[in-house]
Amino acid sequence: MTKPFNAKKIAENVYWVGAIDWQLADFHGYKTERGTTYNAFLITGEKVTLIDTVKRPYMEEMLSRISSIVDPEKIDVIISNHAELDHTGCLPEMIKLANPEKVYASPMGVKAIQDLFHGNVTAEAVPDKGTIDLGDFHITCLETRMIHWPDSMFSYLNERQLLFSQDAFGMHLATAKLFADENCPDLLKRESDKYFANIVLPYAKMVGATLTKFKALNLPVAMIAPDHGPVWRTQEDIQKVLSWYDNYVAQPFTKKVVIIYDTMWGSTQRLASAFAEGVEAEGCVPRVICLKSTDRSEVMRELMHAGALAVGSCTMNNGIFPTVADCFTYIKGLKPQNILGAIFGSYGWNLMAFDELKAYFEKAGIPLVLPNVQAKMIPDEEKLLEAYESGRTLAKELLAKIN
Ligand code: FEO
């Protein structure tokens with residue numbers, strides 16, 4: 001009799017035993033409208049080895065998939081590539097159930113697991129570039145700090161040329177199609193971009209250094225198995241996702257100008273539209289986003305590939321509009337690089353909160369290009385022309401950076 005929740009083979013003696021979360025809508029502030037997967041993998045060699053676990057509520061699903069191959073109590077080794085709870089949420093229960101000979105993590109991972117579980121889980125540290133001997137299989141481990149936490153590491157299964165990359169090269173995408181080449185390429189690009197922009201972007205420089213370190217090992221890679229989303233198994237796909245990461249790390253200036261705004265009575269909206277016309281007139285590409293209808297995580301996906309950010313706010317209670325503050329707080333933390341900035345907005349009886357907006361730009365490290373525009377009440381033709389010219393000025397500055 002067939003049953004649901006079986007393991008899926010990804011290579012000889014290697015199985016996907018993770019879980020699909022079709023309903024995840026928010027991942028610590030990042031809107032995940034397409035859900036996600038928590039990938040765990042099982043190696044059925046002399047030592048039955050589990051790579052990562054899943055988020056706590058999905059433990060039964062993982063156990064069912066493991067059981068379709070081997071009794072979970074027969075797991076000899078658990079390797080924890082990343083301590084965040086979407087991968088270690090059921091680690092204590094798995095250790096209790098399987099009583100494995102060894103639990104391995106990076107040196108920082110050992111500390112993170114101790115802190116998370118208050119000393120109730122102990123693991124053995126694998127040194128950077130160290131090898132775990134599983135008898136017929138060998139795993140080379142590489143510290144990959146800040147992809148995504150300080151504890152993160154890659155595990156490379158030498159005999160299958162298979163890289164277990166935890167958060168790196170992953171995406172929040174719930175799909176029954178396990179392999180990348182079975183999914184829509186445009187969707188993969190979009191979700192990979194969104195994942196990096198919202199999760200890993202502040203650490204982009206460290207990601208670049210880590211990937212350089214990994215490439216210097218000259219390990220052939222036949223497959224990349226991340227902890228979220230599909231597994232990359234063709235050389236074309238592997239090279240593609242590696243090149244995406246090169247671009248994420250570099251964040252070159254582009255002609256795209258992201259214009260975010262919110263408005264109460266339409267004044268700031270009109271300024272945004274005029275600003276966009278000016279950007280377009282100079283040959284750049286405006287992407288106008290009203291924060292009433294678009295989530296901050298989508299703004300980040302757009303911004304990662306942009307060359308400029310213009311922020312428009314109406315004035316409310318002497319301050320900037322709450323949606324603008326929310327979005328800019330988020331942007332500031334994710335620290336996009338190679339971005340120019342501009343401000344516009346409207347006010348009624350108190351002057352616009354320019355200083356508040358400027359402070360956000362300063363903290364985000366985004367230099368402002370002047371002039372900036374502020375309109376009292378409803379912008380007249382002169383103010384709309386000012387916004388248009390401001391858009392042109394920003395675009396010209398941006399083109400000077402690109403050329
Ligand atoms: Fe998928 Fe950083 O956890």
Side-chain angles (χ1 to χ4, degrees), residues 16-41 50-59 61-62 78-92 94 105-117 121 123 141-155 163-175 178 180 188 191-204 206-207 210-211 224-232 241 244-245 248-249 297 300-301 304 330 333-335:
W16 174 80
V17 291
I20 306 177
D21 183 346
W22 297 101
Q23 68 176 26
L24 183 77
D26 180 281
F27 188 88
H28 55 51
Y30 152 18
K31 210 172 266 295
T32 51
E33 62 274 358
R34 290 188 173 87
T36 195
T37 63
Y38 311 109
N39 297 338
F41 301 94
L50 180 65
I51 310 278
D52 286 325
T53 66
V54 297
K55 195 172 169 181
R56 178 65 189 85
Y58 292 85
M59 182 175 170
E61 184 172 333
M62 180 185 71
I78 298 177
I79 299 174
S80 174
N81 280 331
H82 182 19
E84 195 164 12
L85 287 166
D86 45 339
H87 311 296
T88 58
C90 58
L91 183 62
M94 278 308 296
S106 72
M108 296 293 278
V110 170
K111 286 186 192 138
I113 288 168
Q114 280 172 350
D115 289 343
L116 276 170
F117 303 113
V121 174
C141 296
L142 188 75
E143 279 191 285
T144 58
R145 291 187 189 191
M146 306 320 295
I147 326 179
H148 152 228
W149 275 12
D151 62 271
S152 294
M153 76 174 184
F154 284 174
S155 293
L163 177 66
F164 298 106
S165 62
Q166 45 92 36
D167 277 354
F169 312 119
M171 65 189 72
H172 287 315
L173 176 64
T175 170
L178 181 57
L188 296 181
E191 294 303 330
S192 174
D193 285 3
K194 192 170 180 185
Y195 186 87
F196 194 96
N198 284 279
I199 299 270
V200 196
L201 195 63
Y203 320 116
M206 292 178 77
V207 173
T210 299
L211 293 182
I224 297 178
D227 272 359
H228 298 288
V231 170
W232 309 89
V241 73
W244 291 350
Y245 267 61
Y248 301 160
V249 169
S297 44
M300 279 313 304
R301 186 185 68 77
M304 185 171 71
Y330 192 67
L334 289 165
K335 298 184 178 71

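Treat the numbers as computed from the prediction; the structure is a model and nothing was measured. Just follow the structure's listing: the first ligand is 1, and inside any ligand the first atom is 1.
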Worksheet item: Side chains of Y245 and L211: closer than 4.5 Å at any heavy-atom pair?
Response: yes

Practice prompt. Kindly indicate whether the side chain of M153, heavy atoms from C-beta on, has any atom under 4.5 Å from the side chain of I79.
Written response: yes

Worksheet item: Between the side chains of Q166 and H87, is a donor N or O closer than 3.5 angstrom to an acceptor N or O?
Response: no

Worksheet entry | Distance in Å, W22 CH2 paired with T37 OG1, rounded so as to fall on 0.5 Å steps | 9.5 Å

Discussion item. So, at under 2.8 Å, which protein N, O or S atoms would a careful student list around atom 1 (Fe) of ligand 1?
Written reply: D86 OD2, H87 NE2, D167 OD1, H228 NE2

Discussion item. Test of understanding: with side-chain contact (heavy atoms from CB on, under 4.5 Å), list the residues that count as partners of T175, not counting sequence neighbours.
Written reply: L173, K177, N183, P230

Practice prompt. Specify whether F27 and H228 have parallel, tilted or perpendicular ring planes, treating 30° as the upper limit for parallel and 60° as the lower limit for perpendicular.
Written response: perpendicular

